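Reminder, nothing fancy here: chain letters follow the sequence lines and each chain counts from 1. In this text, all values refer to a predicted model and were calculated from it rather than measured experimentally. Computation of the quantities below employed the complete heavy-atom set of this structure, encompassing side-chain atoms and omitting hydrogens, waters and symmetry-equivalent molecules.
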Protein chains: 2
Amino acid sequence: MIDRLEQLYPLESNGYRACAGDAIIESTGPEEAAMADFPAVEMGFGNRKPPATIYDIARQTGVSPSTVSRALNKPGRINVKTEQRIRDAAASLGYRANPMARALPTGRTGTLGLMLSDITNPVYFDLIRGAERVTSAAGQTLVLAESQEAVERELDDAERLLTSVDGLILVASRLHDEQIIELSAVKPVVVVNRLVEGIASMVPDVVPGLSDAVTHLAELGHRSIAYLAGPSASWMNAVRWQTLFHLAGQAGISLVEIGPGSPTMAGGSALLPRVVASGVTAVIAYNDLMALGVLRSCREEGILVPDRLSIIGFDDIFGADLTTPALTTIRSPLAQLGETAARVLSDRSETSIPVSPPTVFVSRASTAAVR
Amino acid sequence: MIDRLEQLYPLESNGYRACAGDAIIESTGPEEAAMADFPAVEMGFGNRKPPATIYDIARQTGVSPSTVSRALNKPGRINVKTEQRIRDAAASLGYRANPMARALPTGRTGTLGLMLSDITNPVYFDLIRGAERVTSAAGQTLVLAESQEAVERELDDAERLLTSVDGLILVASRLHDEQIIELSAVKPVVVVNRLVEGIASMVPDVVPGLSDAVTHLAELGHRSIAYLAGPSASWMNAVRWQTLFHLAGQAGISLVEIGPGSPTMAGGSALLPRVVASGVTAVIAYNDLMALGVLRSCREEGILVPDRLSIIGFDDIFGADLTTPALTTIRSPLAQLGETAARVLSDRSETSIPVSPPTVFVSRASTAAVR
DNA sequence: GACTTTTTGGCAATCGGTTGACACGACCTC
DNA sequence: GAGGTCGTGTCAACCGATTGCCAAAAAGTC
């Protein structure tokens, strides 16, 4: 079978773009598709060559290890001539400083941790991107960890991560305030999408976006709407609900809370029956994923959107504008929050930091006037 | 300003779900939305308490550090009574082993690296999930790195990562074969979506899915189709093109290659004019992102899909079934590849490993019979 | 009771860097 | 020429674990 693969993808020295002139294509039969008998390949976990150390460089150049260390990290401290010799040797040996050996005496690991409930939730894309950009610009490494919405696990992972990181960004953490404060006693911690006293916190200001959304619905004639609640342990869910509660009151719109539900498409879908039963003409969901879940279920149920039900999401994730109808939503400035969080940790600046960029209402096609 | 925020999100000891009865809601004026003057908060980067070490435990229990180390890691080596005393002390001090101090003498870091061109590309979601699942089940940590489609940077990051990781998974790497082989001389390396001689490689078998796709198009009466090429440095792009080339030939369908383009929605959109000019009735894109880009541009240009143009994507990413029309695509078993890759590195098994699970054609609504 | 074996715990070296203290020579100054 | 300064490089301690080897104590054997 491996033969067939190699015929199919003939290798060249540079690995790809081989001429396919004599490749043999044949359909894979069902028996070949079975899991049990994939083509297999041998792993070569054999003898590896240990990476070069400053001791190797020292021996080769005839200086002491400490001189090597200084030549490589303290420009000017060592004679330029010597420094160059050392640099050349380092390059020829393919030297790379061992980050752990370095971290041990210094305490600096050159690494920031980013913890979120679900790495693959599109909501966090821009946030991750933003943090990545800042981190790598500062020559540091960003490590991502996932807590799977489990408090138990989140604390454990956070503690583990904390020991090997210069700072930690907690996004939409489900931990208790005290637990977060405890973590911050060990290493700098920044929380995003949550407000914790005494901890650098960055939350978008939900008022502008939500306010515009409510006005928008009011202008379309909606008098009765629902909020699709996310996880009850989510601080941001509480904020969105409370804010909406007041704004709806001010606008004279009646509001019901439906949920809590899982912050996923499935979670949204599951709540549709209750939405229908409530008789509301519009829903605002905790996030876009839930909104998309509702949207999909509506299509399956034959409920016309936006004619019979208007839907508003939250976050403006990837894909929100690809649906039909395109999803009206409230955009959170997550890229900016990610950047800021990373910058704060990266600079270790004692100065005050920005904390509350505004959300923006994005009007698309999933909202319309009440019939 | 911070006052307003606190009024808006009043804090309680447990952090959320505070009563919002007296919160004050007012619209944010435009001047407040300006970037310059976000509410700010002071960071407390003050004196941190250093984490507990085995020396602290040793002192408290009156034994030597080596005994502590053994009590915690070599069950049975130490008297149960002593071991328990040590465990209790460790717990009361909140001890957490410093992974770097441990890695230094042992060489084992308990960490796997996963490198991909773009963390936030939905294509890789399932792959990341799969790798994460296996890794964390094995008590290890997965660290993600992003290479931004830049070979220079990818090599640099890979080398840096390699020093602090037990093994490395390279996904859709743009590196040269030699570079990858060199990396694998230092630490175990697995490549995904690419075939490199001598390196454990996992690629989906594109034939089944692509074959069904071509048959599908042929049955719908398409006689002339286009392939929207992805990055020319992508091994997988070459494979998809070559395979399609043969399958189309066998089916008697004429085929043109359009591109290469960036593997993004923008990349797909940019190629639409050339698709139109070519006069084909169907396109198969390098990936779903490009297919979605074409789809969106078609909508903007008033080109009906699938009536005037059939579109097939690749990978079946999140959102592919949310569009209108829902995207017909070829699903890659990436979750499985991610799991397998992680398992191979995690077990360090010398045994042979599965390597080529089949792709599956997913027929949805973006393909139809030629008028 | 003397000898052997097993259990239990400590000593010290090691991993690969960093860094404060210091030695040595060159150069400068009065 | 004595004293001071500066530039350059080495020594040795240290970060927090792991682990091979050994010693003391306890248990077992004849």
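- For the segment residues 71-92 of chain A, the set of residues with a heavy atom within less than 4.0 Å of an atom of DNA chain D comprises A:R77, A:I78, A:N79, A:T82, in numerical order.
- Residues A:D126 and A:R133 are not paired through a salt bridge, judged by the lack of any N-O separation under 4.0 Å between the basic side chain and the carboxylate.
- Each of A:S69 and B:T106 was assigned the nucleotide of DNA chain C with the nearest heavy atom; the assignment lying further toward the 5' end belongs to B:T106.
- Checking side-chain atoms of B:S92 against main-chain N and O of B:A89 turns up a donor-acceptor pair under 3.5 Å.
- Using a 4.0 Å cut-off between charged side-chain N and carboxylate O, A:R160 and A:D157 make a salt bridge.
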field: Full working for side-chain hydrogen bond (donor to acceptor under 3.5 Å, both in side chains) between B:S117 and B:E146
entry: CA-CA 5 Å; B:S117 55; B:E146 182 171 54; over 6 Å; no
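- For the pair A:I54 CD1 and C:dC15 C1', the computed distance is 12 Å after rounding to whole Å.
- Here the side chain of B:K187 pairs a donor or acceptor atom with the backbone of B:L162 at under 3.5 angstrom.
- For C:dG10, the base has a donor-acceptor partner in the side chain of B:R70 [N/O atoms by modelled type, under 3.5 angstrom].
- Rotation axes derived from the C1' atoms of the five outermost pairs at either end of the helix from C:dG1-D:dC30 to C:dC30-D:dG1 lie 50° apart, to the nearest 10°.
- Heavy-atom distances to DNA chain C give each of B:G62 and B:A101 a nearest nucleotide, and the one nearer the 5′ end belongs to B:G62.
- Residues B:W235 and B:V191 fail the side-chain proximity criterion, which asks for heavy atoms closer than 4.5 Å.
- A salt bridge links B:D177 to B:R194: at least one charged side-chain nitrogen sits closer than 4.0 Å to a carboxylate oxygen.
- A salt bridge does not link B:R174 with B:E154: every distance from a Lys NZ or Arg NE/NH1/NH2 to an Asp or Glu carboxylate oxygen is 4.0 Å or more.
- Among the protein residues, A:V63 comes within range of the sugar-phosphate backbone only, with heavy atoms under 4.0 Å from sugar or phosphate atoms but none that close to a base.
- Under the 4.5 Å side-chain criterion, counting only non-hydrogen atoms from C-beta, A:L114 is not in contact with A:L168.
- Note on B:R59 versus B:D56: salt bridge recorded, some NZ/NE/NH1/NH2 to OD/OE distance being below 4.0 Å.
- Protein chain A contacts DNA chain D over a range whose 5' and 3' limits, counting nucleotides with an atom under 4.0 angstrom from a non-hydrogen atom, are D:dT8 to D:dG16.
- Residue A:T67 is classed as a base contact, given a heavy-atom separation below 4.0 Å to a base.
- Here the side chain of A:R96 pairs no donor or acceptor atom with the backbone of B:T163 at under 3.5 angstrom.
- Distances shown here put every side-chain N or O of B:S66 at or beyond 4.0 Å from the OP1 or OP2 atom of C:dG10.
- Among the atoms of the strands shown, none is found under 4.0 Å from any heavy atom of B:A103.
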